[in-house]
Each structure stands twice: as C-alpha cells, then as structure tokens.
2 protein chains.
Amino acid sequence: MTGLRERKKQRTRDSLVRAAHELFVEKGYEETTVDEIVAAVDVSQRTFFRYFASKEEVALSLQALVSERYVEALSRRPPGGAPVQVLRSTLEETWESIGEAIEEVVPLPLYMRMWQITESTPALAAAQLRHAVELEERLTAEIARREGLDPGTDSRPRVLVAAFSGVMRAAFRHWSLRGDLTVSAAQQAVESYVEQLGPALSDDWGGASSG
Amino acid sequence: MTGLRERKKQRTRDSLVRAAHELFVEKGYEETTVDEIVAAVDVSQRTFFRYFASKEEVALSLQALVSERYVEALSRRPPGGAPVQVLRSTLEETWESIGEAIEEVVPLPLYMRMWQITESTPALAAAQLRHAVELEERLTAEIARREGLDPGTDSRPRVLVAAFSGVMRAAFRHWSLRGDLTVSAAQQAVESYVEQLGPALSDDWGGASSG
DNA sequence: TTGTCAATTGTCAGCGGCTGTCATTAGTGT
DNA sequence: ACACTAATGACAGCCGCTGACAATTGACAA
C-alpha cells in the first residue's frame, strides 16, 4: 500500500473538501471564506491553494470525480450499439458505483444539497459548465474512437455529444432546483428528458403533451 | 433626442468596451488589469465598476448584445413552422443586423479575435457558458409561448433548446478555434452542425462520413 | 444667468482570492 | 542516527471588487 505521507495528504484533501462542502451548504458559497475553510481543518491558507487551484475547485471536486467515473465506464464498454444508446446505458450502469465513490468523501445528502448551491451560484454554475465542456471533448473523442471515425472530418460525434450533454444538464438542473434530492429522482429526470430528445426535434409537435 | 449626460455615459461605456477589447486581444485577458483599461480611457477604476459588475462583463458585453438581438428577432417572428426550423431561420435572418450593431462599438475583426480569446480563456469561457444558459431560458420560454405550451409540464421546448444551443456552441467553438474569422465561415459552421443534429441522433450511423 | 437639485465621478480605505518566496517541519531510505 | 526530499507555514504583495463620502458636472426652474 501507499506510505504514510501519501495517506496524510489524502486525508487533508478529503477534510478540506468535506469542510468546504459543509460550510458552503450552511452559509452559502460566496459567504464562505477560504480562511474559514482552512480554520476548520487547521491548515494554512497556502496549503489550501496547493491542493486546489481556486475556491471553485473544491466546490466542484466531487463533480470532477463523477465525470471521471463516467468517462471510464464509457471507455470500458464493449463495441456495438447505437451511440445515443451507449451514452444512455452507460449512465444507467454507473449511478450506483458513482454514489459509493462520493460517499467515501462526503455523505450523499450533503453532496446533493451542494448541487443546489452550485446551480444557484453564478460563479459556480459557470465553472461547472466549463468542466462540462471539457467532459464533452472527452466523450466526443471516445464516441469517435468507438465508431472508428475521425472527429476532425466527421462532426457527428461532436454534435451528438453536444446535444446529449445539453439535455443532461437541463435535466440535472431541473432536478436540483425543483425535484426531490434523491438519486432515483435524478435518474428519473435524466431519463425522461433524454427520451424526449427525438420528439423535441421532430417537425410535428402535434397537440399532445409529453411533459 | 437624449441629453448630453446620457450621451456622455454611452461614450464612456463604449470607450471602455473598446479599450478593453483592444487590450485583451493585444496582451490577453488575464494579463490585462482593470487599471490598464481605465488608464486607456482616463477614468477611475471605480467608474469602470459602475459600468461593469466585473472584468468579465466587459469582455462579454458584446455577446450580450448579440443574444439580445437574437431573442428579439425570435419573438418578432410570426407563428407557424416547426420549432427547430424557426430557431434556424431566425439565425439566418439576423446575421447581418447583428454585425452592424457590433460595428457601432468595435470593428468586426476585433470582435472576432475576441471570440478566440474568450474560447481559450477558462474564466471567460465559463462566464460565456453561464450567459448561454440564461439565453436558453429565454429561448425556451419563447418557444413554449409560440407553441402554446406550459414549460412547467411539457419539457419539449426545454429539451429542444438545450440540444440546439449545445450544437450551436460546439459550432461556434469549432469556428473560432479552427475556422477563418469571417462572418460567412461562422454561418457555414453553424449550418453544417445544425444539419447533422438529426443524423447524429439516429440509431444507424452507417459507414459514410457526414463531416 | 444664476442657483438648486440630482446624477456621475473620483478618492480612499479595505476585504478576499491568489501567488511567489523562503524558512521550517516531517516522512523516507540508507 | 543521518542525510534527503516532500509538504507545510509564515509573510509580503498583487489584483479584482466594494462601501462611503466628497467633489464635480449636467438638468431644470426661477
């Protein structure tokens, strides 16, 4: 296993993430000072900025973990199947393991209340979106690889991922701001949105609701 | 017409936007300080922050103008037509008038080089994305209104706009980072991406390229 | 024209995020 | 036990941004 030094670093990092999340949820992101976070963990401010490039980065560190897991799961999937469906089923597959990974750092309910704060804090929402774009790049590359396409000449992977991600973000946003904060509610929101991707793009919206 | 006071304010604001754009393009966004911008226009730093809530806001002030025009154009469009097509044709319709509006503040080539900087500067890219989300909200509301739907119960407008916006952003990004910086090249990039929205979501990608 | 009022601007002080630098502390391998 | 290196702390300082108050400047009526 790893040495004491490494373990200690991991513990410090996790403590910072946890303390930050607790403070953010308790008193809001902007109202929380880096000094307060480091006071809670009893390290210097300088140490904080050695672990995280910015205050935003702590707030989004768990989202980064989630993205990481999703990309890994996608790249491990066997070839075959329509690209849209692969994106969908990879998602269905990973909910649980991702939840477990998060709980190793902070309790799941805390993470979910943090989602709300992220969505409603402009600076955080912006940073999150930027990360989402980086994620899109990786997903695009992965889809292209699976289909044996060159993303430079064939833009279908990029377009698909852009559309899919856009819809996913809308679903998460809807969930975090108006749904109940459970995993299954999030799952449901995402699924119902993705299912409407096709109908929404069709030329005939008819009269019937699809909400 | 308006009084001298108002005209003076407008001039100050435009000068700040223009000086900022020139400096950003010349030496980069992060490398430019607000003090340098205000020095170029000869106003106090405090005045700058009375016109713009943040340094980011000057950098994105022209994008805000563009969004404004697009929403207006959309809301002025007569009813009828498939929602996707309405979004597309509104775009085609507005290229020119938007270009003219921009040129009243800064030369078009300067604006376009600024696009590049925006895309390649993380902080700006993030802020731009946040504005894009706000724009999506307005477009969603507008589409729902046109179709006589309640966005609370029918999520098709939201899903459509999310997908459309995602693809548009991907197109602009592609253009600004790899295309030539002309209006027509931007138009072309957007059109070719949007055209592939349908095919990209289809279950059969076949073998033929569509790039 | 002059005087009054309100809007705009400048000055100054100060907070909070973030970084460079250098001394200090604390694991690691011999 | 001893050197070596990685991690931390302490300190100074830049920059974005804000509140408060005084000074300036356009608007409008007497």
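Residue numbering restarts at 1 for every chain, and letters A, B, ... go by the order of the sequence lines. Since we're looking at a predicted model, the values are computed, not measured.
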Tell me: [atom1] of [X] to [atom2] of [N], nearest whole Å?
{"X": "A:R7", "N": "D:dA7", "atom1": "CZ", "atom2": "P", "value": "15 Å"}
{"X": "B:K9", "N": "C:dA7", "atom1": "NZ", "atom2": "P", "value": "10 Å"}
{"X": "B:E31", "N": "D:dC14", "atom1": "CD", "atom2": "P", "value": "18 Å"}
{"X": "A:K55", "N": "C:dT19", "atom1": "NZ", "atom2": "C1'", "value": "17 Å"}

Excluding sequence neighbours, so at least two apart, what forms ring pair (Phe, Tyr, Trp, His ring centres under 6.0 Å) with [X]?
{"X": "B:F172", "answer": "B:W115"}
{"X": "B:F49", "answer": "none"}
{"X": "A:H131", "answer": "none"}

Should the pair [X]-[Y] be classified as a salt bridge under the 4.0 Å nitrogen-to-oxygen rule?
{"X": "B:E93", "Y": "B:R77", "answer": "yes"}
{"X": "A:R18", "Y": "A:E22", "answer": "yes"}
{"X": "A:R130", "Y": "A:E134", "answer": "yes"}
{"X": "A:K27", "Y": "A:E36", "answer": "yes"}

#### Entry: salt bridge (Lys or Arg N to Asp or Glu O under 4.0 Å) involving A:E92 - partner list, sequence neighbours excluded
none

#### Entry: Contacts of type salt bridge (Lys or Arg N to Asp or Glu O under 4.0 Å), residue B:R46, not counting sequence neighbours
none

### Task
For B:D42, look at atom CG and say whether over 12 heavy atoms of other residues, nucleotides or ligands are found less than 6.0 Å away.
no

### Query
Should we say atom CD of B:E96 is surrounded by more than 12 heavy atoms from elsewhere, each under 6.0 Å from it?
no

Can you list, pair by pair, the side-chain donor-acceptor contacts under 3.5 Å of residues 118-126 of chain B, counting residues two or more places apart and other chains?
{"from": "B:T118", "atom 1": "OG1", "to": "B:M114", "atom 2": "O", "distance (Å)": "2.9"}
{"from": "B:E119", "atom 1": "OE1", "to": "B:R173", "atom 2": "NH1", "distance (Å)": "3.2"}
{"from": "B:S120", "atom 1": "OG", "to": "B:Q116", "atom 2": "O", "distance (Å)": "2.9"}
{"from": "B:S120", "atom 1": "OG", "to": "B:I117", "atom 2": "O", "distance (Å)": "3.4"}
{"from": "B:T121", "atom 1": "OG1", "to": "B:I117", "atom 2": "O", "distance (Å)": "2.8"}

### Task
Name every residue in residues 118-128 of chain A that has at least one heavy atom under 4.0 Å from any atom of DNA chain D, in order of residue number, or write none if there are no such residues.
none

### Query
Got a sec? Which of residues 43-51 of chain A come in under 4.0 Å of DNA chain D, heavy atoms?
A:V43, A:S44, A:R46, A:T47, A:R50, A:Y51

### Task
Answer yes if the ring centres of A:H174 and A:Y193 are under 6.0 angstrom apart, and no otherwise.
yes

### Query
What pairs meet the salt bridge (Lys or Arg N to Asp or Glu O under 4.0 Å) rule with one or both residues in residues 49-62 of chain A, with sequence neighbours excluded?
none

### Task
Give me the residues of residues 11-26 of chain A where at least one heavy atom lies under 4.0 Å from an atom of DNA chain C, by number, or none.
none

### Task
Using distance alone, with no hydrogens and no angle criterion, decide if B:T94 and B:S97 have a side-chain donor and acceptor under 3.5 Å apart.
no

### Message
Quick check on the helix from C:dT1-D:dA30 to C:dT30-D:dA1: what's the angle between its two end axes, five base pairs per end, to the nearest 10°?
### Response
10°

Every protein N/O within reach of nucleotides 25-29 of chain D N/O, cut-off under 3.5 Å:
{"from": "D:dG26", "atom 1": "OP1", "to": "B:K8", "atom 2": "NZ", "distance (Å)": "2.5"}
{"from": "D:dG26", "atom 1": "O3'", "to": "B:R5", "atom 2": "N", "distance (Å)": "3.2"}
{"from": "D:dG26", "atom 1": "N3", "to": "B:R5", "atom 2": "NH2", "distance (Å)": "3.0"}
{"from": "D:dA27", "atom 1": "OP1", "to": "B:L4", "atom 2": "N", "distance (Å)": "3.0"}
{"from": "D:dA27", "atom 1": "OP1", "to": "B:R5", "atom 2": "N", "distance (Å)": "3.2"}

